[in-house]
Structures are given as C-alpha cells and as structure tokens.
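Presented below is the structure to which this report refers.
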Amino acid sequence: MHPAFLYLPGERLTIPELSAARIDGHLVDLGEGYIPADLIESPSARAAAIAALVPADTAASGPSAAWIHGAGDAPPARHHVRRAVGHRIRAALPPRVILHDTALSRTHIELIGGVPVMTPQRTMVDLALGLHRDESLRRWMLLLADTEPALVSVALSEIDTMIRVPGKRAGRGALERLLVRTR
C-alpha cells in the first residue's frame, strides 16, 4: 500500500479533519489511522496502520499479527510485539503494547508493508501456546483459521515437534478441536 493512502492523526490532517472525513464517508478507521473508504483493506495497509506501535528490533505478534494477516475486522485492544533480535532490548512502549521478551527466529518473520510481522504459521502456534494463560486468544485462533484453514494442521504439526513447552497440551487440544471444526 502506498503511504499516501494512510492518514495518521496529526501528520497531514488533524484529528478533527480526519473525524469529519470519516463522518462524511470519505475515510474509514484502520488501526491507528484512516484509509480512503474505497481502498481495499490489505495486510500491508493493516501493518502500516500500526507501524508506529512496533518498535525497532521487534515484530508484531499474537493477536496483532493475526489481525494483520486478515483475522477479524477490528484490531486488538492491546497490540503484541516480540523481540526480533537475539539480544535484550529496552523498548519504550505505549501502554497499549505488550512486549513478549522471547526472541523470534528470522524464519518466523516476514516484512509486510515495511513492518516486521510474525508469519501466519508461527502466529497460530503462538496463539495456541498462549491459550492456557489467556483465554481471549481462542477468538484470534478462530478468526485466523477462518482466513486460512490449512494453518491449523501446520500449527498442530509444529507443536508436535516441540519438547517441554508451556501450554503445549492446552494448545494441542484447542488446535485439534479447531481442525475438526474447519473440515
């Protein structure tokens, strides 16, 4: 998506101007910004809309990555990022962003709209593994499975190769139930 189509508050237009354009039907909300109402909402548009919330050396993960990949209509209330480098970082994060301080492998990251984002397969695995801590992740698993049903079996296979990982049993069970649902 070309950056000219993304309107962030305070850059080219003020919040009142953006709100008026939204009320008039010229713009629609997308993440932290607005896009023209006739523009197709793509993963690159979604990623660009939250780019300011993804600090350097991190990648969008969990519900944020699921949303970028097309899950759901609205972004999560709190965005999730994971460390995308091997060393520790000290990122200044807004209150709406949660940093998961475990490093992601480069193979699990893709650039979408210039923003590092966890791959759909790894996103499904992470959502499943986090389910034992946060039941709200189930919603994002369902929405992501609706966008690409094959992700469920791929995530199940990947979880089966993991050894001694917290949440594996609960995640595996949720993925098995989801696999039956998507068939």
Side-chain angles (χ1 to χ4, degrees), residues 1-82 84 91-100 104 108-127 130 134 136-155 178 181-183:
M1 181 192 83
H2 194 277
F5 294 123
L6 179 65
Y7 299 93
L8 296 171
E11 287 189 357
R12 288 178 285 168
L13 299 171
T14 64
I15 292 175
E17 290 170 323
L18 291 169
S19 296
R22 185 179 56 77
I23 290 170
D24 291 342
H26 299 293
L27 299 177
V28 293
D29 299 59
L30 182 67
E32 300 298 302
Y34 300 84
I35 59 171
D38 60 347
L39 186 70
I40 296 173
E41 191 175 308
S42 65
S44 63
R46 288 180 173 201
I50 65 163
L53 297 177
V54 181
D57 298 331
T58 67
S61 66
S64 301
W67 178 71
I68 289 170
H69 291 301
D73 294 331
R78 297 192 71 188
H79 288 283
H80 296 252
V81 295
R82 276 188 58 186
L93 299 171
R96 292 184 42 228
V97 178
I98 300 169
L99 172 67
H100 300 276
L104 268 175
H108 294 135
I109 299 171
E110 59 185 345
L111 276 180
I112 299 177
V115 178
V117 179
M118 187 184 289
T119 62
Q121 298 84 0
R122 183 60 196 192
T123 300
M124 183 64 86
V125 169
D126 272 20
L127 291 171
D134 184 0
S136 70
L137 297 179
R138 185 178 309 279
R139 173 180 175 265
W140 290 102
M141 287 175 66
L142 293 169
L143 292 169
L144 188 57
D146 287 344
T147 64
E148 198 174 333
L151 287 176
V152 179
S153 58
V154 171
L178 194 54
R181 181 183 170 270
T182 58
R183 285 186 181 171

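Remember, it's a predicted structure, so these values are computed and weren't measured experimentally.
A donor-acceptor pair under 3.5 Å links the side-chain atoms of Arg78 to the main chain of Pro95, judged by distance alone. Side-chain atoms of His26 do not come within 3.5 Å of backbone N or O of Ile35 as any donor-acceptor pair. Proximity of a side-chain donor or acceptor of Thr14 to a complementary backbone N or O of Gly10 within less than 3.5 Å is not detected. A side-chain donor-acceptor contact under 3.5 Å links Ser19 to the backbone of Ile15. Remark: side-chain polar atoms of Thr147 are not paired, donor with acceptor, to backbone N or O of Gly70 under 3.5 angstrom.
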Checklist entry - After noting the C-alpha distance and the side-chain angles of Asp146 and Arg181, does the key distance pass the salt bridge (Lys or Arg N to Asp or Glu O under 4.0 Å) rule? => result CA-CA 10 Å; Asp146 287 344; Arg181 181 183 170 270; 3.5 Å; yes
Checklist entry - Given Val81 and His100, is the side-chain contact (heavy atoms from CB on, under 4.5 Å) satisfied, shown in steps? => result CA-CA 6 Å; Val81 295; His100 300 276; over 6 Å; no
Next on the checklist: side-chain contact (heavy atoms from CB on, under 4.5 Å), that's the test. Do Leu53 and Leu93 meet it? Break it down for me.
Outcome noted: CA-CA 8 Å; Leu53 297 177; Leu93 299 171; over 6 Å; no
Checklist entry - Should Leu178 and Leu142 be marked as a side-chain contact (heavy atoms from CB on, under 4.5 Å) after you check the CA-CA gap, both sets of side-chain angles, and the distance that decides it? => result CA-CA 7 Å; Leu178 194 54; Leu142 293 169; 3.2 Å; yes
Checklist entry - Step by step, would you call Arg46 with Leu30 a side-chain contact (heavy atoms from CB on, under 4.5 Å)? => result CA-CA 7 Å; Arg46 288 180 173 201; Leu30 182 67; 3.9 Å; yes
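Note that CZ of Phe5 and CG of Leu39 are 6.5 Å apart. Values are rounded to the nearest 0.5 Å. Note that the CG atom of Leu18 and the OH atom of Tyr34 stand 5.5 Å from one another [nearest 0.5 Å]. Between atom OG1 of residue Thr119 and atom CD1 of residue Ile112 there is a gap of 9.0 Å, rounded to the nearest 0.5 Å. Between Leu127 atom CG and Arg139 atom CZ the span is 11.5 Å, to the nearest 0.5 Å. A distance of 12.5 Å separates NE2 in His79 from OG1 in Thr58, rounded to the nearest 0.5 Å. How far NE2 of His69 is from CH2 of Trp140: 12.0 Å, rounded to the nearest 0.5 Å.
A pairwise comparison of heavy atoms in Leu137 and Pro63 identifies CD2-CG, 3.7 Å as the closest pair. Heavy atoms only, all atoms of each residue included: Leu8 and Ala49 are closest at CD2-O, 4.4 Å. In plain terms, the two heavy atoms of Ala84 and Ile109 that are nearest each other are CB-CD1, 3.5 Å. Closest approach of Trp67 and Gly72 over heavy atoms only: CD1-O, 4.1 Å. Across all non-hydrogen atoms, the minimal contact from Val54 to Ala60 is CG1-N, 4.1 Å.
Applying the salt bridge (charged side-chain N to carboxylate O under 4.0 Å, His left out) rule to pairs touching residues 2-26 yields Arg22-Asp29, sequence neighbours excluded.
Residues Arg96 and Glu32 are paired through a salt bridge, judged by an N-O separation under 4.0 Å between the basic side chain and the carboxylate.
Annotation: side chain of Asp126 is in contact with side chain of Arg82 (closest heavy-atom distance under 4.5 Å). Side-chain contact between Ser61 and Thr123: absent, with no pair of heavy atoms (C-beta onward) separated by less than 4.5 Å.
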